[in-house]
Amino acid sequence: LFRRLHQSTKRNFPEGKVFNVWCAVHVKSGRESQMETFVSKLLSEDIGTQCFHLTRYRRKKYGGKWQTVQENILPGYVFITTDKPEQIHRKLKTAEKPGILWGDDEYVATLDGREADLMERITDNKKPGEIALSQIVVEKDGEIRVLSGPLLQVEDMVKKFDFHKRVAEIETDFMGQKKVLYLGIEFE
């Protein structure tokens, strides 16, 4: 049920740091919060997990004024980070399946090393699952420079900046499919 995580990432982890495995649970879109509650009740605290869905902050214009909003970035997925994926698998497998899961078969998978690394780089360490706004500046020569935020970690993956929608487009492989992630930007 779980894909094996390839431990060979390019990042060096300090000695003693626990490497968390990212597990993706496929749920019905709009039911992410219910799945988080279900998992939190199911898993004991000694397993050491975090359960969340990915959200991004971005700027939107309402009534002529720019406001910061928080949006779900990957509808239909809830993530569990843990250092004990086998225990998570056993608990989820034996639990009575809630009606919020997408299917009855394989609905949980581990992210491979590359996918987990990307998620670690773009999400906030202190607020699991949240992707902050990135500050950018457009230089006089038209060059775009990232000043802060998650885009600093993935500048080489940016395919396009959409200034009208205030997002940067990141293309990546996710769960065996090409996905475009739209990360929020703000101008300096």
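The basis for the numbers below is simple: all heavy atoms, side chains too, and nothing from hydrogens, waters or symmetry mates.
Taking Y57 as the reference, nothing meets the ring-ring contact (aromatic ring centres under 6.0 Å, His included) condition, with sequence neighbours excluded. In this structure, the side chain to side chain contact (heavy atoms under 4.5 Å, CB included) partners of K165, at least two apart in sequence or on a different chain, are R58, D162, V167.
M119 is listed as a side-chain neighbour of L74, based on a closest heavy-atom distance under 4.5 Å. In this structure the side chain of T123 never reaches within 4.5 angstrom of the side chain of F79, judged on heavy atoms. The side-chain heavy atoms of E186 and R166, taken from C-beta on, include a pair separated by under 4.5 Å. Under the 4.5 Å side-chain criterion, counting only non-hydrogen atoms from C-beta, Q70 is in contact with E130.
With rounding to the nearest 0.5 Å, the separation of CD1 in I170 from NZ in K160 is 13.0 Å. Annotation: the span from I80 atom CD1 to K91 atom NZ amounts to 12.5 Å, rounded to 0.5 Å. For the atom pair K61 NZ and H164 NE2, the distance stands at 9.0 Å (nearest 0.5 Å). Rounding to the nearest 0.5 angstrom, the gap separating the CZ atom in R145 from the CD atom in E155 is 10.0 Å. Rounding to the nearest 0.5 Å places CG of D124 at 10.0 Å from CD1 of I131. How far CG of L183 is from CD1 of I73: 5.0 Å, rounded to the nearest 0.5 Å.
One N or O on the side chain of E32 and one on the backbone of G30 form a donor-acceptor pair closer than 3.5 Å. Side-chain N or O atoms of E115 include one that pairs as donor or acceptor with a backbone N or O of M175 at under 3.5 Å. A donor-acceptor pair under 3.5 Å links the side-chain atoms of R56 to the main chain of Y182, judged by distance alone.
Using a 4.5 Å cut-off between side-chain heavy atoms of Ile, Leu, Val, Met, Phe, Trp and Tyr, with links allowed through other members, L152 and V154 fall into the same hydrophobic cluster. Linking Ile, Leu, Val, Met, Phe, Trp and Tyr whenever their side-chain heavy atoms come within less than 4.5 Å leaves L147 and L151 in two separate clusters. Note on I136: it does not cluster hydrophobically with L133, by side-chain heavy-atom contacts below 4.5 Å among ILVMFWY residues. The cluster map of Ile, Leu, Val, Met, Phe, Trp and Tyr, joined by side-chain heavy atoms under 4.5 Å apart, puts L54 and V69 in different clusters. Hydrophobic clustering (ILVMFWY, side-chain heavy atoms < 4.5 Å, transitive): L118 and V180 are in distinct clusters.
Applying the ring-ring contact (aromatic ring centres under 6.0 Å, His included) test between Y77 and each of F52, W22, F174 identifies F174 as the sole match. C51 pairs in a side chain to side chain contact (heavy atoms under 4.5 Å, CB included) with only one of the listed residues (L42, T81, V39), which is V39.
Of all heavy-atom pairs between A132 and P150, the closest is O-CG, 3.3 Å. For the pair G76 and H26, the tightest heavy-atom approach, listed with the atom from each and the gap, is O-CD2, 3.1 Å.
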Exercise for the section: List the steps, then state whether salt bridge (Lys or Arg N to Asp or Glu O under 4.0 Å) holds for K159 with E169. Expected result: CA-CA 6 Å; K159 295 295 181 196; E169 295 180 12; over 6 Å; no
Practice task
I would like to know whether F161 and V138 meet side chain to side chain contact (heavy atoms under 4.5 Å, CB included); could you show each step before the answer?
Solution key: CA-CA 11 Å; F161 286 97; V138 180; over 6 Å; no
Exercise for the section: Take K178 and D173, measure what salt bridge (Lys or Arg N to Asp or Glu O under 4.0 Å) needs, and give me the verdict at the end. Expected result: CA-CA 5 Å; K178 287 274 186 212; D173 289 321; 3.3 Å; yes
